[in-house]
Amino acid sequence: MNRTFKKSFKSYGSFLKDLFLRAFTFSKGEDFSEKPNTPYDNKGEDELIHSENKNVDNGPRKEDENDKLKEEAIMSPGKVAVRNYFRNPLGVIGLVLFVAIVLVVFVGSKLLPFNQYYSQGNLTNVAPGGAYMNYPSDLEKEGVEKIVIGNTFSAGLTKEGNVYVWGSDNEDKVLEIPEKAKEALENKKVTDIAAGDRHIIFATEDNEIYGWGNKSFQQNQAPPMDESKIKEEGIEKLGAGVQYSAVLTKKHNLIVWGSTLASRLNLLPSDIQGKVVDFATNPINMLALMDNGSVRLLGVMGSELDTQMPEELKTGKVKAKKVALTNSTAAVIAEDGKLYVWGPARDKLTGDNIPEFESPLVDIKASGSVLTALDEKGKMYQWGIDNYGELETPEGEFDQIYSSYFNNYAVDKEGKVHTWGLNGFRFGSDDQGRDIFTRLIHGGKMTMVISLISTIIQIVLGVVIGMVSGFVGGKLDNVLMRFSEIVASFPFYPMLISLSALLPPGASQEQRITMVMILLGLLGWTGLARLVRGQILAERERDYITAARALGVKDWSIMIKHIFPNILSIVIVNATIGYAGNLLTESGLSFLGFGVQEPTPSWGNMLTAAQSSDVLNTYWWRWVFPALAVFLTSFSVNLIGDALRDAIDPRANER
């Protein structure tokens with residue numbers, strides 16, 4: 001027994017000696033691998049270490065885990081949260097998407113010109129698309145005889161007698177030539193062509209008129225009562241306007257048909273018949289050039305087109321040779337090359353707006369708001385209001401100019417065609433002819449700013465009330481929580497709608513927007529206040545708060561400097577989620593007509609178009625793009641909020 005005990009004691013002493021030697025040599029940094037074994041047999045230990053090293057190959061090494069723990073120990077909580085956030089792929093996707101939306105909205109609103117009061121009746125409900133001016137190459141090869149322009153399309157007649165149509169189609173299928181018109185184009189020579197806002201007509205050598213496109217007022221075919229007269233007298237010139245058409249016969253008679261109820265253009269004065277040699281059209285008027293050189297205005301009277309017309313043009317004292325009409329301004333070139341322009345000053349076409357010409361003018365054309373003139377040297381001049389790039393005048397020498405609605409064409413000395421103006425709507429247009437893409441950008445700025453300010457109000461109220469309630473406690477806590485319950489019990493949308501209806505009828509847009517922001521803020525803070533109160537109740541009992549009180553730190557300083565940083569993560573996460581909620585709430589209010597009002601755009605009031613079944617079924621672009629903008633923005637913010645919560649919560653990685 002003593003022998004066995006002595007042997008065990010000796011073995012234990014050898015173990016301690018060996019352990020001491022190892023510790024000493026490790027502290028000195030010596031390599032123990034080359035030294036002979038001590039009396040203590042460590043073969044089993046080496047095998048154990050070897051087996052552990054084998055297992056390490058199948059998973060993270062303990063040294064690597066220790067390095068990570070050391071790295072986290074020297075990193076601030078903020079850096080750890082940022083690192084955890086960017087390890088979350090959904091959070092990164094949400095952040096990238098939200099930053100992209102913010103850049104597009106706020107930078108785009110600075111770059112894109114915008115007039116919220118501008119509307120264009122000729123461009124209503126245009127589908128998304130472009131390439132309005134991508135003419136066929138054969139038009140240039142065969143030589144341009146004439147180009148006519150509609151609202152989103154154009155047509156050309158070549159010197160070889162062929163007709164080409166290009167642009168963007170619409171519900172009138174203006175790019176689809178019907179079989180009867182195709183047959184006439186193949187078998188007959190075309191003498192003239194004209195385009196209205198949504199239809200095309202052409203005349204053949206046998207004085208027949210063919211057309212297609214919109215036919216609401218039968219404007220794309222010759223009037224039955226005047227068809228025989230047109231064939232008998234022959235066709236000198238075709239013309240077209242907004243849903244009406246006109247023909248000038250070779251005997252100088254003018255015939256108008258189509259939508260003429262408002263303008264009375266079909267009831268022409270008898271004293272002009274047999275004397276008209278040329279004419280120009282706009283939506284409600286025609287300017288006729290008489291055989292004696294005088295000018296007559298036809299259609300709606302009493303506007304500046306009628307009252308401001310120069311007397312010498314009325315009487316024929318000055319002989320006119322070319323006439324043109326914009327929507328509200330008239331222009332005439334006299335035989336001596338002098339230009340006369342009259343109309344309202346707001347159109348920027350009269351008076352000092354007229355450029356100086358280097359040589360006498362030989363031709364003039366008009367679009368909706370721009371005049372285009374050509375002098376005898378081939379130089380082109382343009383002036384007026386640039387809505388869609390109509391004033392981006394090309395340089396060069398030109399032989400022909402064509403202009404109408406929102407597009408311009410010019411043929412240079414070499415026969416090359418130049419185009420500029422409206423080339424399409426990226427996201428289509430609405431029921432008032434406004435570009436949805438531009439309104440989406442500027443409306444997004446309005447929606448996002450309202451959501452941001454209302455979220456700030458909610459955060460300030462929720463944090464202050466929640467901190468005071470939780471830290472002070474007692475009766476004040478009871479009063480504040482009962483008040484928050486009362487506010488939270490209000491029916492949210494009915495309350496907002498009722499308060500919106502209390503605004504006076506003459507309330508400005510700024511007052512209405514301010515009201516929406518304040519109401520969203522005042523009614524949405526209760527959830528955050530209760531959340532903050534709960535966190536404060538937990539934090540105020542901790543040792544560091546007791547120590548701060550023992551040191552005599554004031555209560556407000558404890559709340560702001562000690563407690564608030566510890567609940568900041570909760571506030572940040574709640575702010576992101578609240579922002580997405582306010583975005584949807586503002587959109588819903590504006591959708592119902594109690595938020596931002598027209599013509600100021602917001603994503604919500606752009607969605608009001610979805611209340612119409614016609615829009616849902618036919619004009620899908622008017623609600624799909626605003627709805628997609630609201631969805632993507634709120635979705636990206638929610639992704640950011642979820643990722644922030646996981647990054648800040650130290651227990652998130654354990655779940």
Side-chain angles (χ1 to χ4, degrees), residues 130-168 175 177 185 189-195 200 202-203 205 237-240 278 280 321-324 326 331 333 335-339 354-384 386 388-424:
Y132 290 3
M133 298 179 289
N134 287 2
Y135 59 89
S137 58
D138 290 340
L139 178 77
E140 204 170 68
K141 293 177 182 177
E142 298 176 14
V144 176
E145 181 66 29
K146 186 178 182 181
I147 294 176
V148 294
I149 305 163
N151 57 1
T152 63
F153 62 91
S154 301
L157 174 63
T158 68
K159 295 184 184 298
E160 297 181 9
N162 295 318
V163 174
Y164 297 95
V165 183
W166 63 92
S168 177
L175 299 186
I177 304 176
L185 290 172
K189 180 182 179 181
V190 178
T191 58
D192 199 12
I193 189 170
I200 297 173
F202 67 89
E205 56 187 349
K237 178 183 177 180
L238 291 178
D278 197 6
K321 66 175 183 179
K322 292 285 184 179
V323 293
T326 70
I333 298 178
E335 289 184 348
D336 59 0
K338 185 179 179 181
L339 179 67
I354 302 174
E356 294 184 1
F357 308 113
E358 297 180 3
S359 57
L361 300 179
V362 295
D363 197 6
I364 189 163
K365 293 292 192 296
S367 63
S369 59
V370 174
L371 286 172
T372 305
L374 184 69
D375 68 15
E376 60 185 12
K377 294 182 179 179
K379 184 174 181 180
M380 190 162 48
Y381 308 85
Q382 285 192 295
W383 66 102
D386 188 359
Y388 302 106
E390 300 101 308
L391 293 180
E392 297 175 2
T393 314
E395 296 290 336
E397 295 184 358
F398 302 94
D399 280 336
Q400 306 170 54
I401 56 173
Y402 303 99
S403 181
S404 185
Y405 293 101
F406 317 101
N407 297 111
N408 301 274
Y409 293 82
V411 183
D412 62 21
K413 299 289 186 181
E414 289 75 30
K416 183 179 179 181
V417 179
H418 300 258
T419 67
W420 66 102
L422 175 63
N423 203 33

Identify the two heavy atoms, one from [X] and one from [Y], that lie closest to each other, and give their separation to 0.1 Å.
{"X": "Ser404", "Y": "Ile149", "value": "O-CG2, 3.5 Å"}
{"X": "Asp336", "Y": "Pro360", "value": "O-CB, 4.4 Å"}
{"X": "Gly150", "Y": "Ala195", "value": "N-CB, 4.2 Å"}
{"X": "Asn151", "Y": "Leu422", "value": "O-CD2, 4.4 Å"}
{"X": "Gly415", "Y": "Glu140", "value": "O-CG, 3.4 Å"}
{"X": "Leu139", "Y": "Gly156", "value": "CD1-CA, 4.0 Å"}

Determine whether a donor-acceptor pair (N or O, by modelled atom type, separation under 3.5 Å) exists between the side chain of [X] and the backbone of [Y].
{"X": "Lys189", "Y": "Gly161", "answer": "no"}
{"X": "Asp363", "Y": "Leu374", "answer": "no"}
{"X": "Asn423", "Y": "Tyr132", "answer": "yes"}

Derivation and outcome, side-chain contact (heavy atoms from CB on, under 4.5 Å), residues Asp138 and Asn162: CA-CA 9 Å; Asp138 290 340; Asn162 295 318; over 6 Å; no
What pairs with [X] under side chain to side chain donor-acceptor pair (under 3.5 Å), at least two apart in sequence or on another chain?
{"X": "Glu376", "value": "none"}
{"X": "Trp420", "value": "Gln382"}
{"X": "Thr158", "value": "Glu142"}
{"X": "Thr152", "value": "none"}

Can you tell me how far the [atom1] atom of [X] sits from the [atom2] atom of [Y], to the nearest 0.5 Å?
{"X": "Asn408", "Y": "Tyr388", "atom1": "CG", "atom2": "OH", "value": "14.0 Å"}
{"X": "Ser403", "Y": "Ile147", "atom1": "OG", "atom2": "CD1", "value": "11.5 Å"}
{"X": "Asp386", "Y": "Glu392", "atom1": "CG", "atom2": "CD", "value": "6.5 Å"}
{"X": "Lys365", "Y": "Ile401", "atom1": "NZ", "atom2": "CD1", "value": "5.5 Å"}
{"X": "Lys416", "Y": "Phe398", "atom1": "NZ", "atom2": "CZ", "value": "10.0 Å"}
{"X": "Asn407", "Y": "Thr419", "atom1": "CG", "atom2": "OG1", "value": "8.0 Å"}

Within a strict 4.5 Å, meaning less than it, do heavy atoms of the [X] and [Y] side chains meet?
{"X": "Lys379", "Y": "Ser359", "result": "no"}
{"X": "Tyr402", "Y": "Val148", "result": "no"}
{"X": "Ile354", "Y": "Trp383", "result": "yes"}
{"X": "Tyr409", "Y": "Val144", "result": "no"}

What pairs of residues pass the salt bridge (Lys or Arg N to Asp or Glu O under 4.0 Å) test when at least one of them lies in residues 403-415, not counting sequence neighbours? Asp399-Lys413
The criterion is ring-ring contact (aromatic ring centres under 6.0 Å, His included); which residues satisfy it with Tyr381, sequence neighbours excluded?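 Per chain and number, Tyr381 pairs via ring-ring contact (aromatic ring centres under 6.0 Å, His included) with Phe357.
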Decide if atom NZ of Lys377 counts as having more than 12 heavy atoms of other residues, nucleotides or ligands within a radius under 6.0 Å. no
Checking side chain to side chain donor-acceptor pair (under 3.5 Å) against Asp278, which of Lys322, Lys321, Lys237 comes through? Lys237
